[in-house]
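Notes to accompany the following structure.
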Amino acid sequence: MASTKEKDDVTIQLKRCAKACVLDLYSASLSSRYDPGKIISILKYQEDILEMMDWPQDKQDRIVCSAVISQDRNTFPWYPQGWNGYVLYCPNTCKNVSIGGTTKEGCCACHSKSLWDFSKTISHVNVSKEGYLEGNKSAKNIHINSIKQNLQFFPKNICQFPGITKINLSFNLITDIPNLSCVPNLTDLNLSYNKLSSLPKTLTQNRNLRTVDLSGNYITRLETGVVAALSAHNILLQGNQIISIDITDVVFERPFCVINMSHNALRIPTNENNWRVNLKAKYGPGYGVFSYNYMKRMPKATTIGFFNLFDFGKLFDFGFDFRHNPIICDCKIAEPLLHFKEYIDMMKRDYFNITCGSPEKFQGKSLPSIIRENQIKDLLCNYTSTPSCPNGCTCEESPKNIDYRSKSLTLTLIINCSGAGVKRLPRVLPYSDRIEFHMRGNRIYEITNNHYLNHVSVLELEMMPVIDKDALDNLTRLQIFSIPESEQRKGIPRSLSRLSPCVFLQKTDFVMACTCAHLWMLDWIGSFLTSKCASYVFKCLNGTAKENLTIYIPSLNCSDMDYFHKYKWMIIGSSIFVFVCFIILIVHVWKTELKIVLRLRKICTKSKKNVDQDCVVYISYDVNNVKVGPWVFQKLDKFLERNDLSAFVPSRDLPLGSVRAEEAAYQISVSRYYLVILSEGYSDEESLVTRNEWKNIWNRFMSDSRKNLLVINFDLMQPGDVSCRKLGAYLRFGNVINFAEGEKETFSQILNTFVE
């Protein structure tokens, strides 16, 4: 029996740290001060201490004070946020980590140990050929190591060994992970290089789990929230086939050592639950490895839960490795790089050296070097090959007006169509902060209202166009309006007085042939204080000389009456012209439009009974248009088939060797439905095939009320752009859908038209 003094000494020490004492007493290396036999004798004698600590009977032989552990092992107890397992022990060296390295929490997450890691009493059990564990079931610190054993399942009796702390079943054929909550002391799980297809949610019940290694498996998807809910500080998932990970499984409110997602198929983080950053919360720290994936773009801050780029400061204690991804270094990364410029001197760790995968100019160049060499302004987005860029033009977006102090820039889309034969501004453009049009060598007679006009900053044209009122109201950011000097001589229409005079004076003097009709410009110029907006002025031609407009026009001695009469006759003449045009419009256009309205309401139209292909949709389109054909065969044809409709495409379905015009005319006559895909070349004089198809479709549609006709306006053409008058009339009053409304809306309109 132990002496009374020994009992009292141990009793006092146990009382001080009773809640943190859980370790195998029979490991003599843990404490050289007491004989295990004596301590057990003391504990049996001191039953009141055991009741105070509320330890079960089967753990009375596994007690030693954590204070002794900490002192003997040069550690301190660590209780990280979100940890619900047994106490962890962190090396004292983590208290003194450098500010430029990692934090104390990050150091402990990687280097702390559990009580089991100090024990030298380890029981190894084997897995039999029948798939059962063999060994001491009552052992307390059990390790399983069965590598390359061709195991297809977990050991069947694993729950009979509750003392398991480490499992290594790597390089086997296991396909599923069972519920392991029956082994509550499990700290390490290594199932790398098996045939697993998922990370089970049941692992979140193992509160002492610190390392999960599922690398080299066949996992493709991660259930949102599972990674964050794991207690593990080391989560190794590299070498799988994971295609996405939610932001909440990377950024969470507890420290971790590493989440390794390298060598997967990741493209961009998701935010399925619409998570939003809590600016008052403490996230991490931790290190996320996402190298060797398929990430091409940096995620937008707002799409992954951050209110703006400044909120990324909440992740300052994190480390992220995005190296060896095919990052596209274009204008889309300009703003993020601008925000990181002030931190460039601190970005010295290797994983900051993310390199560009494209374009060729920046291939292999690191993002920090782009910042240091002030090449942010050279990051271009090339949209030339996209459908929204007009044919023959170049469309590039680049950062401008870069301000390093305020961390702001303006993304400007520059559209250069010089000499491309463009007749109008495009109807659809990608979003950009500013848009510049360089259209010299193109005869653009009219500018109508478009969705992007309030972003246009430069209009460089070949001639002075007619700009409608709504378009003028939207040109609020226009800074430069430039036309050649030969066109300047015709003057500025009074309708453009809605614009500032400054927009005409940014490149050169504006030289024009001045008359009394330009008296209004004096007030216009004076009201905008043009002397402050440019070094150039408006000038008038006086023979070969050029005089300042504000001096020359007053010298003309124009009377107000002459000015009034001149405009009065102009108004009368314009009214007569408009009236004549209106009469002509009624005579030449209204007849066709009226027929269309009556036909769509099935008035004065007979129903014929000779249609014998009620589910056939005759598709007419310009086969020379390289954009329409692939859409017809890859999407439209399959959609019609799914909805019990049969597509007849002449280029594919007409018999070889047949007379195309005759066979097409016959098929049109027996088809119930007609689908015309209107593109720019469809109704041209040279397009005899499509013009003949439209003629037959029109005649059959107008003469038989059972037939239905839908026009898909693929290139967003206006009625005036179509040379065929009847087709133009159908664009005005017929059943038409613009392709720009989206594929979903287009297919919905097809069903509404053809499925009764």
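Because the structure is a prediction, the values reported are computed rather than measured.
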From CA spacing to verdict: side-chain contact (heavy atoms from CB on, under 4.5 Å), Y132, V127: CA-CA 5 Å; Y132 291 91; V127 182; over 6 Å; no

Could you give me the CA-CA distance, side-chain angles and deciding distance for C108 and C94, then say whether disulfide bond (SG atoms under 2.5 Å apart) is met? CA-CA 6 Å; C108 288; C94 286; 4.3 Å; no

Would you please test K166 and D117 for salt bridge (charged side-chain N to carboxylate O under 4.0 Å, His left out) and show each step? CA-CA 10 Å; K166 296 182 187 293; D117 295 323; 3.3 Å; yes

Kindly determine whether T202 and L180 satisfy side-chain contact (heavy atoms from CB on, under 4.5 Å), including the steps that lead there. CA-CA 7 Å; T202 55; L180 298 177; over 6 Å; no

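Residues satisfying the salt bridge (charged side-chain N to carboxylate O under 4.0 Å, His left out) criterion with D176, sequence neighbours excluded, are absent altogether.
Rounded to the nearest 0.5 Å, atoms CG (L173) and CG (L169) are 11.5 Å apart. Note that the CG atom of D637 and the NZ atom of K635 stand 14.0 Å from one another [nearest 0.5 Å]. One distance of note links OG1 of T224 with CD1 of I247; it measures 11.5 Å at 0.5 Å rounding.
In the displayed structure, R221 atom CZ is contacted under 6.0 Å by at most 12 heavy atoms of other residues, nucleotides or ligands. Remark: E743 CD is packed, more than 12 non-hydrogen atoms of other residues, nucleotides or ligands lying under 6.0 Å away. More than 12 heavy-atom neighbours from other residues, nucleotides or ligands sit within 6.0 angstrom of NZ on K365.
When side chains are defined from C-beta on, Q152 does not count as touching T175, because their heavy atoms never get closer than 4.5 Å. Looking at heavy atoms from C-beta onward, L189 lies out of side-chain contact with D213 at the 4.5 angstrom threshold.
Between K282 and E253, no side-chain nitrogen of the basic residue sits less than 4.0 Å from a carboxylate oxygen of the acidic one, so the salt-bridge criterion is not met. In summary, K361 and D330 do not engage in a salt bridge, as defined by a charged side-chain N under 4.0 Å from a carboxylate O.
In this structure a side-chain-to-backbone donor-acceptor pair under 3.5 Å is missing from E105 to T103. Side-chain N or O atoms of N208 include none that pairs as donor or acceptor with a backbone N or O of N84 at under 3.5 Å.
Note: F322 and F290 have parallel aromatic rings, judged against thresholds of 30 and 60 degrees for the angle between ring planes. F320 and F318 have parallel rings, their planes meeting at less than 30° on a 0 to 90° scale where 60° marks the start of perpendicular. Ring geometry, W78 versus H233: the interplanar angle falls from 30° to 60°, so the pair is classed tilted.
C107 has its SG atom 2.5 Å or further from the SG atom of C90.
Here the closest heavy-atom approach between residue L337 and residue I371 is recorded as O-CD1, 3.7 Å. Of all non-hydrogen atoms in N293 and M261, the two that sit nearest each other are ND2-O, 3.1 Å.
R276 and N274 share a donor-acceptor pair across their side chains, judged by distance under 3.5 Å alone. Between the side chains of N141 and T165, at least one donor N or O sits under 3.5 Å from an acceptor N or O. Side-chain atoms of D246 and T270 include a donor-acceptor pair closer than 3.5 Å.
For residues 154-197, the set of pairs meeting the ring-ring contact (aromatic ring centres under 6.0 Å, His included) definition, not counting sequence neighbours, comprises F171-Y193.
Each of F747, W631, F633 was scored for a ring pair (Phe, Tyr, Trp, His ring centres under 6.0 Å) with F639, with one residue passing: F747.
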